[in-house]
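Along the sequence shown, residues carry numbers from 1.
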Amino acid sequence: VQLQASGGGLVQAGDSLSVSCVASGRTFSSYAMGWFRQAPGKEREFVAAINWSGGSTYYADSVKGRFSISRDNAKNTVYLQMNSLKPEDTAVYYCARNRGSYTRDTGYDLWGQGTLVTVSS
């Protein structure tokens, strides 16, 4: 099983951007999924998570109200819609498969390669 993230790019503050993550294999719908990010010189931090059905979502306080996580199990894909982007949202965004805690990276056992989002002021 592999996770492939895409959709990152360079945007201006206030813009919107959507990143996606496609999973190979047949068990995608069995797992919760999450997004994390790592800014230059900083530790990786939790951004958002979604349960297996998409019925429950969780967000870091820093993105609540601006970001939205969703999934399409028929397409083995999880999305992160980012609105009202700020320069401090600049980071490499990683998708990951959840096996435990939603907000700790130790709760995830499979990670994508990351996609870079750069927000200019």
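With a 6.0 Å cutoff to the six-membered ring centre and a 45° limit on the axis angle, Arg71 does not count as a cation-pi contact of Trp52. By the 6.0 Å and 45° rule, Arg97 does not stack over the aromatic ring of Phe28.
No side-chain heavy atom of Gln81 sits less than 4.5 Å from a side-chain heavy atom of Phe67. Considering only heavy atoms from C-beta on, Leu80 comes within 4.5 Å of Val47 through its side chain. Side-chain contact between Gln113 and Gln2 is absent, with no heavy atoms from C-beta onward closer than 4.5 Å. Inter-residue side-chain proximity for Arg37 and Ser62 is flagged as met; some heavy-atom pair is nearer than 4.5 Å. Looking only at side-chain heavy atoms (C-beta outward), Asp105 and Phe46 stay at 4.5 Å or farther from each other. The shortest distance between side-chain heavy atoms of Tyr59 and Ser68 falls below 4.5 Å. In this structure, the side chains of Arg99 and Tyr31 come closer than 4.5 Å at one or more pairs of heavy atoms. In this structure the side chain of Glu45 never reaches within 4.5 angstrom of the side chain of Gln38, judged on heavy atoms.
Considering every non-hydrogen atom in both Gly8 and Val117, the closest pair reads CA-CG2, 4.1 Å. Ser121 and Ala13 make their closest contact through CA-CB, 4.3 Å (heavy atoms, listed as atom of the first residue, atom of the second, distance). What you find for Gly112 and Tyr94 is that their closest heavy atoms are O-CD2, 3.5 Å. In terms of heavy-atom proximity, Arg66 sits nearest to Asp89 at NH1-OD2, 2.7 Å.
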Exercise. Checking side chain to side chain contact (heavy atoms under 4.5 Å, CB included) for the pair Tyr79/Met33: CA distance, chi angles, key distance, verdict?
Worked result: CA-CA 10 Å; Tyr79 305 95; Met33 297 292 294; over 6 Å; no
For this session: Using the side chain to side chain contact (heavy atoms under 4.5 Å, CB included) rule, take Val92 and Thr115 through it: C-alpha gap first, then chi angles, then the decisive distance, then the call.
Result: CA-CA 5 Å; Val92 176; Thr115 185; 6.0 Å; no
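Between Thr77 and Asp72, the side chains place no donor N or O within less than 3.5 Å of an acceptor N or O (distance only, hydrogens not considered).
Considering SG of Cys21 and CH2 of Trp111, their distance stands at 11.0 Å, rounded to 0.5 Å. Note that CG of Asp15 and OG of Ser120 are 8.0 Å apart. Values are rounded to the nearest 0.5 Å. Separation of atoms CD1 (Ile69) and CH2 (Trp35) is listed at 8.0 Å; rounding is to 0.5 Å.
A perpendicular orientation is assigned to the rings of Tyr108 and Phe36, their planes being inclined by more than 60° (bins at 30° and 60°).
Of the charged side-chain nitrogens involved, at least one lies within less than 4.0 Å of a carboxylate oxygen, so that Asp61 and Lys64 count as a salt-bridged pair.
In this structure, Ser16 contributes its side chain and Asn83 its backbone to no donor-acceptor pair below 3.5 Å. In this structure, the side chain of Asn76 engages the main chain of Gly25 through a donor-acceptor pair within 3.5 Å.
Here the options are Leu3, Val22, Val19, Ile50, the test is side-chain contact (heavy atoms from CB on, under 4.5 Å), and the partner is Val78; only Ile50 passes. With Leu10 as reference, Thr118 is the one residue of Val119, Thr118, Leu17, Leu116 to meet the side-chain contact (heavy atoms from CB on, under 4.5 Å) rule.
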